[in-house]
Amino acid sequence: MEHVVGLFRVAELVREGDNLVRIPIMGQALCAGFPSPADDFLEGALELPRWLAPNPPATFAWNISGDSMRGAGIFDRDLAVVDRSLKPGNGSVVVAAIDGEMSIKRLRIEGNVARLAFENPDLPAFAVQEAAEGEIWGVVRFSIRWHIARAGLVR
């Protein structure tokens with residue numbers, strides 16, 4: 001049997017990378033749709049194995065609000081883990097500050113034009129330049145979704 005370098009089982013990674021890092025959870029939900037008013041505060045922290053958050057000082061968790069990123073597999077009430085140290089590229093799911101409001105979108109680069117797109121065909125993409133102020137804040141490394149009902153939350 002051929003040995004594959006760099007391929008691990010999750011149990012092996014947890015054993016080898018047993019040191020945990022604390023990632024702040026931002027109190028403002030990221031809008032998966034059109035931005036909503038900001039609340040700049042931290043809600044708590046999430047402990048993750050270092051292999052999931054290799055650059056803790058640049059990593060943050062954000063709650064998702066809305067369903068416009070469902071085509072990317074990111075749904076309302078998911079948790080997105082965002083790394084500010086990653087360089088965004090065409091197709092990256094990013095957190096962007098659009099006119100001062102934080103939002104999650106898909107980055108599409110067409111020639112010299114960067115567009116932020118919803119993952120919902122009913123919503124239009126828009127050029128970053130169309131916003132009075134637009135800045136890519138970080139790249140979504142992964143998201144976490146609950147598959148059981150959460151106490152106290154009613155859909």
Can you give me the closest heavy-atom contact between [X] and [Y], atom names plus distance?
X	Y	result
Leu116	Ile136	CD2-CD1, 3.9 Å
Arg22	Glu47	NH1-OE2, 3.4 Å
Asp76	Ser65	OD1-CA, 3.2 Å
Arg84	Phe60	CD-CE1, 4.0 Å
Met102	Ala97	SD-CB, 3.8 Å
Asp78	Gly73	OD2-O, 3.8 Å

Side chains of [X] and [Y], heavy atoms from C-beta outward: is any pair under 4.5 Å?
X	Y	result
Arg77	Asn63	no
Leu48	Leu20	no
Asn55	Asp83	yes
Ile144	Leu46	yes
Ile23	Pro56	yes
Leu79	Trp62	no

How many angstroms lie between [atom1] in [X] and [atom2] in [Y], if you round to the nearest 0.5 Å?
X	Y	atom1	atom2	result
Ile104	Ser143	CD1	OG	7.5 Å
Phe118	Arg106	CZ	CZ	13.5 Å
Arg141	Thr59	CZ	OG1	6.0 Å

Donor-acceptor pairs are to be reported for all side-chain atoms of residues 87-96 against protein atoms at under 3.5 Å, with residues two or more places apart or in another chain.
residue	atom	partner	partner atom	Å
Asn90	OD1	Ile109	N	2.8
Ser92	OG	Gly89	N	2.9
Ser92	OG	Gly89	O	3.0

- Item | Main-chain N/O of Phe75 paired to Arg145 side chain as donor or acceptor, under 3.5 Å | no
- Message: Any salt bridge linking Glu110 with Arg115? Criterion: basic side-chain nitrogen under 4.0 Å from a carboxylate oxygen.
- Response: yes
